[in-house]
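Everything below concerns the one structure shown next.
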Amino acid sequence: MQQPDGSAVWLRLSTRGIAQPERVLDPAAVIAGGYWAVAPEPGARIAIAYQGPVAPEAMAAFEALREEEPGAGLLAITSPDRLHAGWLAARRAARQGPGAASSAIERLLAPLAPGAAIVSVLDGHPAAHAWMGAVRGQRVVPLGVDRFGQSGDIPDLYREYGLDTDAILDACAQALLES
């Protein structure tokens with residue numbers, strides 16, 4: 001951030017406490033913008049990508065999804081901005097000639113089948129993740145908050161905005177039927 005070519009850092013805080021599971025994380029992947037919480041099997045037809053405090057709902061939906069799609073993946077997005085910026089930089093470098101390195105998001109999505117669906121969920125605007133479909137031509141079903149003004153507790157609000165476990169599973173079912 002303090003470097004001449006640095007950028008601002010946006011920290012988003014939530015009042016929702018979430019238990020942190022024991023895991024080994026690659027700091028470079030976290031900083032680059034995402035990591036597989038559960039890696040998909042090669043050629044997987046679907047993945048759930050989540051960001052922030054919707055993690056419990058995404059994880060619960062993922063566990064149910066794996067009963068029907070055991071090869072599915074669960075992608076934790078730490079920064080859609082960093083993923084997007086890295087992808088754009090890789091695209092610019094590729095236009096300069098052969099030998100350009102792939103971006104973090106390209107490497108993350110590579111195990112999924114070309115026609116795979118990505119159901120993304122965050123308690124923000126769904127457009128923050130919708131661009132991921134352009135990376136490899138995979139279909140994205142972005143779930144998020146596209147209207148504002150409601151108040152209530154988290155379960156009620158997540159149900160209202162289609163961010164609860166049932167809504168995520170419905171989006172997965174729809175995406176798989178459309179494949």
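Model, not experiment: these values are computed from the prediction.
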| Minimum heavy-atom separation for Ala61 to Thr165, with atom names? | N-CG2, 3.6 Å
| query | Distance from Ser103 atom OG to Leu83 atom CG, nearest 0.5 Å? | reply | 8.0 Å
| message | Any salt bridge linking Glu68 with Arg45? Criterion: basic side-chain nitrogen under 4.0 Å from a carboxylate oxygen. | response | no
| task | Mind checking the CD-CZ spacing from Glu69 to Phe62? Nearest 0.5 Å is all I need. | result | 10.5 Å
| task | Report the C-alpha separation of Ile77 and Met132 in whole Å, then their side-chain angles, then the decisive distance to 0.1 Å, and conclude whether the side-chain contact (heavy atoms from CB on, under 4.5 Å) test is met. | result | CA-CA 11 Å; Ile77 297 175; Met132 290 189 303; 4.0 Å; yes
| request: Please tell me if the side chains of Leu25 and Thr78 come closer than 4.5 Å, counting only heavy atoms from C-beta onward. | output: no
| field | Partner residues of Arg91 under the salt bridge (Lys or Arg N to Asp or Glu O under 4.0 Å) criterion, sequence neighbours left out | value | Glu106
| query | To the nearest 0.5 Å, what is the distance between CG (Leu109) and CD (Gln138)? | reply | 5.0 Å
| message | For residues 126-140, which residue pairs pass the salt bridge (Lys or Arg N to Asp or Glu O under 4.0 Å) check, not counting sequence neighbours? | response | none
| message | If hydrophobic clusters are built by linking Ile, Leu, Val, Met, Phe, Trp and Tyr wherever their side-chain heavy atoms come under 4.5 Å apart, do Phe148 and Leu157 end up in the same one? | response | yes
| said: Would you say that Trp131 contacts Ile105 through its side chain, given a criterion of any heavy-atom pair below 4.5 Å between the two side chains? | reply: yes
| Worked verdict on Tyr158 versus Asp123 for side-chain contact (heavy atoms from CB on, under 4.5 Å) | CA-CA 8 Å; Tyr158 281 10; Asp123 67 344; 3.8 Å; yes
| query | Looking only at heavy atoms, which two atoms of Leu143 and Ala171 are closest? And how far apart? | reply | CD1-CB, 4.0 Å
| query | Do the side chains of Tyr161 and Leu169 join up, straight or via other hydrophobic residues, at under 4.5 Å, putting them in one cluster? | reply | yes
| request: Look at the side-chain heavy atoms of Ile, Leu, Val, Met, Phe, Trp and Tyr, link any pair under 4.5 Å apart, and say whether Ile168 and Leu75 land in one connected group. | output: no
Determine all donor-acceptor pairs shorter than 3.5 Å in which one atom belongs to a side chain in residues 26-41; sequence neighbours excluded.
from  : atom 1 : to     : atom 2 : distance (Å)
Asp26 : OD1    : Ala28  : N      : 3.1
Trp36 : NE1    : Leu108 : O      : 2.9

| Are Val135 and Ile46 joined in one hydrophobic group, where the rule is that I, L, V, M, F, W and Y side chains link up if heavy atoms are under 4.5 Å apart? | no
| query | Tell me, do Val121 and Glu57 make a side-chain contact under 4.5 Å, heavy atoms counted? | reply | no
| query | Step by step, would you call Leu65 with Leu74 a side-chain contact (heavy atoms from CB on, under 4.5 Å)? | reply | CA-CA 10 Å; Leu65 174 64; Leu74 181 64; over 6 Å; no
| remark: Smallest heavy-atom separation, Leu122 atom then Ala128 atom, equals CD1-CB, 4.1 Å
| request: Locate the shortest heavy-atom distance separating Pro126 from Pro142; write the atom from each residue and the value. | output: O-CB, 3.5 Å
| task | Would you kindly confirm whether Ile118 and Val141 end up in one hydrophobic cluster when ILVMFWY residues are joined by side chain heavy atoms under 4.5 Å apart? | result | no
